[in-house]
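In listed order, ligands and their atoms are each counted from 1. Note that the coordinates shown come from a computational prediction; the quantities given were computed from them, not determined experimentally.
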Amino acid sequence: MSKPFFGDIKPVKYEGPKSDNPYAFRHYDPKKLVMGKTMADWLRPAVCYWHNFAWLGTDMFGAPTFERPWDGETMKGARAKADVAFEMFTTLGFPFFAFHDRDVVPEGANLAEFGKNLAEMTDIFAKKMHETGVKLLWGTANLFSHPRYMSGAATNPDPDVFAYAAAQVKNVLDATHKLGGANYVLWGGREGYETLLNTDLRREQEQAGRFLSMVVDYKHKIGFKGVLLVEPKPQEPTKHQYDFDAATVFGFLQRFGLEREVKLNLEVGHAVLAHHSFEHEIALASSLGMLGSIDANRNDYQSGWDTDQFPNNAAELVPALYFILKQGGLAPGGFNFDSKVRRQSIDPGDLLLGHIGGIDVCAAALVAAAHLIEDGKFDAARAERYAGWDKPSAQAMLKKGATLEEIAARVAREKIDPKPRSGRQEFYENLLNRYL
Ligand code: XLS
Ligand code: NI
Ligand code: NI
């Protein structure tokens, strides 16, 4: 192996909030217990392959800015890349990583070669995972970069593209299974449209439903125990993406009878693009039993793009962490840092600093949310708000067989006349801020 990419930077350790060392955790203390579980077990942080090792700092106006001692076009480059990737996972001490097939190996001349490359890298990963103890949070197929996917993968008007995508997913699901992946993700970046004038919505959605059903079948056939996750996003790169947000995906899954087979991987920046808050997506998915995993990042609120920046505001994440704690955590999901350093951040150390800051912010939000729950005032106020529903007469209205006529008769008989009560939003907001 060549000399370390990260030079003499030592494995990152928890040093506490007073530490002045930029390469130390100030809040993320992996072994620290929070509400009965370690921080590492609550957060299950992952490094993503694509932003750190596949992206070279290009933007739509500019050339690569990063110097990386590997390439994406040869297997030699892929092996060098994997060495640095595992150097980074272990330097950070993050327990997980995530990848697209195309991030880790070149496509080669055809699908067979792509499959062979991936199988070879799967063996390399298996060995490195065994040596380091790093695990796979999820694998996924890149069904959006190659020009063949420009009009969609499963939703493509050309059935040959559908077939190609199916074969590609089969390969990556096999690899993920072999590596003991905890989940498998489907993000439909090109499953949408640019214009309705050339698009048959009914056909395309039927194709997507069939495709996902076959992925579910195959998962069971090979005995993959991980969770299948769909990652919603409303747009970008397409003008409109079918997997718009958590609610839309849930409706889609129900339509194809898949809502007990597939969960959601929710990304902070995607929630913002859908004009939701992140906690909206989290709370809604959790209420439906659909919250599987998280892509942690943030968007620039002015730019209107999916800027995939590292989380940097603990206060903003507390409500999301509250709902995550309330559902008992995310496992087998986790916090995948689908975040990238800025194009001017060209030093290897910048990659570490992004992750250190990101996980510290999540850890601080976790602790604040745990205090909020342990103190009990917040949950007591929420329970009190709905206390009227504990009465038998209230419960009876929700039972099957209850009728509007009976309820109307009871309103008249008991002279029911509801008095407005404060929603106390400011009380909740002020209470939340006490735990920061
Ligand atoms: C893009 C998505 C993508 C998925 C994995 O916006 O976030 O990176 O997480 O395909
Ligand atoms: Ni993502
Ligand atoms: Ni994204």
Side-chain angles (χ1 to χ4, degrees), residues 44-55 58-60 96-104 136-146 149 152-155 165 168-169 171-173 175-176 181-192 208 211-212 215 226-246 249 262-276 278 281-282 285 291-301 303-311 320 330 333-341 354-355 358 362:
R44 297 166 59 81
V47 174
C48 83
Y49 227 90
W50 51 102
H51 289 316
N52 297 295
F53 311 112
W55 179 59
T58 50
D59 70 11
M60 51 288 218
F96 293 100
F97 74 112
F99 70 86
H100 301 84
D101 46 1
R102 191 58 191 85
D103 305 331
V104 300
L136 179 61
L137 188 65
W138 47 265
T140 188
N142 179 330
L143 305 179
F144 46 87
S145 292
H146 194 280
Y149 293 124
T155 63
Q168 205 180 318
V169 168
N171 285 346
V172 189
L173 204 45
T176 304
N183 305 271
Y184 181 87
V185 166
L186 296 112
W187 172 63
R190 304 271 176 199
E191 313 292 24
F211 192 93
L212 189 54
V215 176
V227 178
L228 293 178
L229 301 167
V230 167
E231 181 175 324
K233 187 175 183 181
Q235 77 224 19
E236 198 199 292
T238 54
K239 170 189 158 49
H240 176 92
Q241 194 176 310
Y242 296 135
D243 296 338
F244 199 90
D245 60 2
V249 175
V262 178
K263 288 189 172 176
L264 300 169
N265 183 44
L266 298 176
E267 179 163 322
V268 182
H270 298 183
V272 172
L273 283 182
H275 294 285
H276 295 308
F278 180 51
E281 290 290 84
I282 294 290
L291 176 56
S293 200
I294 283 172
D295 271 9
N297 57 26
R298 79 178 201 274
N299 273 9
D300 180 292
Y301 287 122
S303 77
W305 297 325
D306 189 21
T307 53
D308 290 334
Q309 288 164 262
F310 283 91
L330 290 170
F335 277 69
N336 169 50
F337 285 88
D338 193 347
S339 309
K340 62 184 188 221
V341 294
H355 288 83
C362 294

Checklist outcome for this item: Hits for ring pair (Phe, Tyr, Trp, His ring centres under 6.0 Å) against His146, two or more places apart or cross-chain, chain-then-number order -> none
Checklist entry - Which atoms of ligand 1 are found less than 4.0 Å from any heavy atom of Asp295? => result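 Near Asp295, the atoms of ligand 1 are 9 (O).
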Checklist entry - Do you see a donor-acceptor pair shorter than 3.5 Å between the side chains of Asp338 and Trp50? => result yes
Item to check | Pair Asp101-Gln168, side-chain donor/acceptor within less than 3.5 Å | outcome: yes
At what distance is the nearest protein heavy atom to [atom], and which residue and atom is it?
{"atom": "atom 2 (C) of ligand 1", "result": "Glu231 OE2, 3.2 Å"}
{"atom": "atom 8 (O) of ligand 1", "result": "Asp338 OD2, 3.1 Å"}
{"atom": "atom 6 (O) of ligand 1", "result": "Lys233 NZ, 2.8 Å"}
{"atom": "atom 5 (C) of ligand 1", "result": "His100 NE2, 3.2 Å"}

Item to check | Around the Ni ion (ligand 3), number of protein N/O/S atoms which are nearer than 2.8 Å | outcome: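 Protein heteroatoms (N, O, S) closer than 2.8 Å to the Ni ion (ligand 3) number 3.
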Checklist entry - Atom CG in Asn336, atom CG in Asp295: separation rounded to 0.5 Å? => result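 If I round to the nearest 0.5 Å, the distance is 4.5 Å.
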Checklist entry - With sequence neighbours left out, what residues match Lys263 under side chain to side chain contact (heavy atoms under 4.5 Å, CB included)? => result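 By the side chain to side chain contact (heavy atoms under 4.5 Å, CB included) rule, Lys263 matches Val227, Leu229.
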Next on the checklist: Restricting to side chain to side chain donor-acceptor pair (under 3.5 Å), what partner residues turn up for Asn142, sequence neighbours left out?
Outcome noted: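 So Asn142 forms a side chain to side chain donor-acceptor pair (under 3.5 Å) with Ser145.
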Next on the checklist: Residue-level breakdown please: for Glu236 versus ligand 1, do any non-hydrogen atoms fall below 4.0 Å on the side chain, on the backbone, on both, or on neither?
Outcome noted: neither
Checklist entry - So is Val185 close enough to ligand 1, meaning a heavy atom under 4.0 angstrom away? => result no
Next on the checklist: Just to check, does His51 reach to within less than 4.0 Å of ligand 1 when the distance is taken from its heavy atoms?
Outcome noted: no
Next on the checklist: For Lys233, is there an ion pair with Asp306 - N to carboxylate O distance below 4.0 angstrom?
Outcome noted: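 Salt bridge present between Asp306 and Lys233.
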Checklist entry - Mind checking whether Tyr49 and Phe97 have parallel, tilted or perpendicular rings, split at 30° and 60°? => result tilted
Checklist entry - How close do Leu266 and Ala246 get, heavy atom to heavy atom, and via which atoms? => result CD2-CB, 4.2 Å
With respect to [X], determine whether any N or O atom, backbone or side chain, lies less than 3.5 Å from an N or O atom of ligand 1.
{"X": "Asn265", "result": "no"}
{"X": "Trp187", "result": "no"}
{"X": "Asp306", "result": "yes"}

Item to check | Centroid separation His100 to Phe144 less than 6.0 Å | outcome: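 Under 6.0 Å, so yes.
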Checklist entry - Checking side chain to side chain donor-acceptor pair (under 3.5 Å) against Asn297, which of His51, His270, Lys340, Glu267 comes through? => result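 That would be Glu267; it is the only one of His51, His270, Lys340, Glu267 passing the side chain to side chain donor-acceptor pair (under 3.5 Å) with Asn297.
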